[in-house]
Amino acid sequence: MRTNYFSQLHPGVCCCFFLYAVTFSILFNHPIMMATSCLAALFCAGSMSGWKTLGISVLFTIPTIVIFAVVNPFFNHQGTTPLFYWNDQPITLESTLYGLCSGVTIISMIMWFICFQKTVENHKLLYLFGKVIPTIALMVTMILRFIPYFKRKLDQIAATQRMFGVSTSSGSIKNRLRAGGSILSVLFSISMEGTVGTSDSMRARGYGLKGKTHYKSFCMKPRDWFFLGVLCGASALLIWAFYAKQFQFYFFPAMTDWRLNPIQLGICIFHCIILCSPLLYNGWEGLRWHRIQVTA
């Protein structure tokens with residue numbers, strides 16, 4: 001089983017890192033910065049969830065990016081470089097590249113949130129926000145666990161229904177639809193019952209009351225303070241770059257020069273190292289653990 005050593009950092013530090021990654025991935029619209037964020041998110045997701053899972057994710061991300069690049073020019077006809085004409089409307093290079101970059105940004109956001117889910121578990125969210133905003137913290141925690149919970153329950157219900165001859169993979173279309181509706185009905189009934197049970201259980205245990213303690217506590221270690229300091233320095237540098245318009249880029253009416261000057265290149269490399277820090281940290285800790293096992 002792949003170990004995510006990055007998740008062993010303080011949950012507050014992990015949340016600050018993902019806030020940094022998502023914020024500056026949205027702020028900068030320069031193609032090189034977008035590509036850097038997307039590639040870093042993909043490789044970090046691979047180091048946390050496995051490279052096989054990453055390969056499956058890439059199979060879905062590539063069509064998404066292509067769809068954005070193909071569909072956007074048919075609705076947005078801005079630009080000065082027409083590729084061809086469709087119903088007397090120009091399909092421009094600028095609009096195509098804008099759609100391509102938009103798809104890259106969306107994939108980057110999805111990958112970062114996958115990494116977040118692999119790193120910050122439910123109890124860490126409750127530890128961070130349980131005392132400040134207990135209701136919202138519990139709601140977000142339940143939302144984050146709904147997708148894997150629904151998938152597990154759906155597989156169990158489908159396997160049980162299959163034993164009674166109810167299946168969505170065989171029979172006529174009408175029977176398949178009826179079987180699917182029956183499975184979904186059972187799934188939503190179980191989910192609603194589980195939600196009510198969780199709410200009553202949390203209320204009975206005094207969740208959100210003053211003086212309520214957590215079953216697991218976290219403390220800041222030197223490595224956490226070091227990483228938090230690096231994040232603060234990187235954030236200050238990128239905020240300066242944003243207000244100094246170091247990575248300002250326009251797609252319309254004509255694309256600006258995408259090449260980077262030495263200052264921009266240095267900032268981009270530093271930003272890339274920060275975004276790849278989960279990948280680097282997992283690799284470093286994995287190598288240390290391997291050396292300990294070899295020398296033991």
Side-chain angles (χ1 to χ4, degrees), residues 1-28 32-58 61 104 107-125 127-128 144 148 216-239 241 260 263-296:
M1 185 177 179
R2 186 174 297 273
T3 303
N4 182 13
Y5 296 101
F6 187 73
S7 64
Q8 297 174 3
L9 296 176
H10 192 276
V13 176
C14 294
C15 286
C16 289
F17 168 77
F18 289 111
L19 180 63
Y20 168 91
V22 171
T23 300
F24 292 109
S25 297
I26 294 174
L27 281 181
F28 293 106
I32 295 180
M33 296 291 280
M34 291 180 180
T36 299
S37 177
C38 186
L39 291 176
L42 286 171
F43 281 109
C44 289
S47 69
M48 294 179 183
S49 57
W51 299 107
K52 183 178 179 181
T53 304
L54 174 63
I56 297 174
S57 300
V58 169
T61 58
V104 169
I107 295 302
S108 176
M109 294 299 102
I110 293 174
M111 289 295 112
W112 282 127
F113 277 107
I114 289 175
C115 295
F116 178 82
Q117 188 180 13
K118 293 289 183 181
T119 303
V120 185
E121 291 88 355
N122 297 338
H123 66 279
K124 294 181 180 179
L125 283 176
Y127 169 79
L128 290 174
L144 289 177
K216 188 173 183 179
S217 181
F218 300 90
C219 60
M220 292 287 289
K221 299 179 180 178
R223 63 181 184 184
D224 300 314
W225 288 112
F226 172 78
F227 193 72
L228 185 61
V230 173
L231 276 178
C232 291
S235 299
L237 179 62
L238 288 181
I239 289 174
L260 303 178
I263 296 178
Q264 294 171 341
L265 182 60
I267 295 175
C268 185
I269 292 174
F270 181 65
H271 178 57
C272 180
I273 294 174
I274 297 297
L275 291 179
C276 292
S277 54
L279 175 66
L280 299 175
Y281 189 79
N282 285 338
W284 171 254
E285 290 295 329
L287 184 61
R288 286 184 58 195
W289 176 245
H290 178 71
R291 287 178 178 176
I292 293 174
Q293 287 182 317
V294 170
T295 56

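The residues of the chain are indexed from 1 along the displayed sequence.
Counting heavy atoms from C-beta on, the side chains of Val120 and Cys15 come closer than 4.5 Å. Side-chain contact between Leu228 and His10 is absent, with no heavy atoms from C-beta onward closer than 4.5 Å. Within the 4.5 Å cutoff, no side-chain heavy atoms of His271 are placed close to those of Leu237. Within the 4.5 Å cutoff, the side chain of Phe6 has heavy atoms near those of the Phe227 side chain. When side chains are defined from C-beta on, Phe17 does not count as touching Leu9, because their heavy atoms never get closer than 4.5 Å. Contact of the Ser235 side chain with the Phe24 side chain is registered, since non-hydrogen atoms from C-beta on lie closer than 4.5 Å.
Closest heavy-atom contact between Thr36 and Cys268: OG1-SG, 3.8 Å. Between Thr119 and Ser7, the shortest heavy-atom contact is O-CB, 3.5 Å.
Taking CG of Leu279 as the reference point, atom CG of Leu42 lies at 11.5 Å (rounded to 0.5 Å). From Met34, atom CE reaches atom OG of Ser108 across 9.5 Å, with rounding to the nearest 0.5 Å. Annotation: the span from Leu280 atom CG to Ile273 atom CD1 amounts to 8.0 Å, rounded to 0.5 Å. Atoms SG and CD1, on Cys115 and Ile110 in that order, are 12.0 Å from each other to the nearest 0.5 Å. The CZ atom of Arg223 sits 3.5 Å away from the OH atom of Tyr281 when rounded to the nearest 0.5 Å. A distance of 8.5 Å separates NZ in Lys118 from CD1 in Ile114, rounded to the nearest 0.5 Å.
A donor-acceptor pair under 3.5 Å is absent between the side-chain atoms of Asp224 and the main chain of Val13, judged by distance alone. Looking at Ser277, its side chain does come within 3.5 Å of a backbone N or O of Ile274 through a donor-acceptor pair. Looking only at distances, a side-chain donor or acceptor of Thr23 sits under 3.5 Å from a matching main-chain atom of Leu19.
Looking only at atom types and distance, the side chain of Ser25 has a donor-acceptor partner in the side chain of Ser37 under 3.5 Å away.
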### Query
Yes or no on side-chain contact (heavy atoms from CB on, under 4.5 Å) for Phe43 and Cys276, after CA distance, side-chain angles and deciding distance?
CA-CA 8 Å; Phe43 281 109; Cys276 292; 5.9 Å; no
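Side-chain rings of Tyr20 and Trp112 stay apart, their centers remaining 6.0 Å or farther from each other.
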